[in-house]
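Notes follow the structure.
This one's a predicted model, so the numbers in the text were calculated from it and none came from an experiment. Reminder, nothing fancy here: chain letters follow the sequence lines and each chain counts from 1. Below, each value reflects all heavy atoms present in this structure, side chains not excepted, and no hydrogens, waters or symmetry copies.
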Amino acid sequence: GENVEQHPSTLSVQEGDSAVIKCTYSDSASNYFPWYKQELGKGPQLIIDIRSNVGEKKDQRIAVTLNKTAKHFSLHITETQPEDSAVYFCAASITGTASKLTFGTGTRLQVTL
Amino acid sequence: DSGVTQTPKHLITATGQRVTLRCSPRSGDLSVYWYQQSLDQGLQFLIQYYNGEERAKGNILERFSAQQFPDLHSELNLSSLELGDSALYFCASRGGQGYGYTFGSGTRLTVV
């Protein structure tokens, strides 16, 4: 089955700096890669996703890049703010009615003032 | 509010007992997923239902079972509970062919 590795497990940045989280996946058939943000006591919230026919996607301060050949994808957050502090999860799936998300182990991002 | 409703939010029960967690998906979503998140752990896939039928199974224990009803809500049944079953249990729903999974706020289960 699919295996998703995520690094780093913790990341501390100063407000205004950029943060980068990297993930690799094992199943070359995976074609959908979402990123979720989980705040304490809450459920995961989708922040951005990318499909395998696209190499990069951007939404304001958040961007995701995908390298299908190397089977890795990354989340980039620019101009970080204290409210960006949370746990971030990457995931991968093969779309279809029997699809499921396989998650990475999460990155705890702390944005300090 | 994500549109996915999970009840109850918190549940405390004793070892050996049985509990039922409930999930109502977003309106129109046919797929429901159950995930388990233990303390400081990632999200582990348990099971998926699509329009009432089981479609995918993960590392779900035999003591656990689920079903999806005609109105598309789903229930996760956990029996013979052990201390190690204490975790957050999330439900997610999805429409269409594979994009846009939406998670509920979870049920925190504590087994004492």
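A donor-acceptor contact closer than 3.5 angstrom links the side chains of Glu2(A) and Ser26(A).
For the side-chain contact (heavy atoms from CB on, under 4.5 Å) criterion with Ile48(A), the lone passing option out of Phe33(A), Trp35(A), Tyr36(A) is Trp35(A).
Lys100(A) touches chain B through backbone and side chain together, each having a heavy atom under 4.5 Å away. In this structure, chain A has a heavy atom under 4.5 Å from the side chain of Tyr35(B), while its backbone stays farther away. For Pro44(A), the parts lying near chain B are the backbone and the side chain together; criterion is any non-hydrogen pair under 4.5 Å. Only the side chain of Gln38(A) has a heavy atom closer than 4.5 Å to any heavy atom of chain B.
Salt bridge annotation for Arg63(B)-Glu82(B): present, with a cationic side-chain nitrogen under 4.0 angstrom from a carboxylate oxygen. Electrostatic pairing of Asp27(A) and Lys71(A) does not count as a salt bridge here, judged by no charged N lying under 4.0 Å from a carboxylate O.
The backbone N or O of Gly100(B) lies less than 3.5 Å from a partner atom in the side chain of Tyr32(A), making a donor-acceptor pair. Proximity of a side-chain donor or acceptor of Asn67(A) to a complementary backbone N or O of Ala70(A) within less than 3.5 Å is detected. In this structure, the side chain of Ser2(B) engages the main chain of Val4(B) through a donor-acceptor pair within 3.5 Å.
Residues of residues 103-112 of chain B that come closer than 4.5 Å to chain A, counting heavy atoms only, are Phe103(B), Gly104(B), Ser105(B), ordered by residue number.
Between Cys23(A) and Gln6(A), the closest heavy-atom pair is SG-CG, 3.5 Å.
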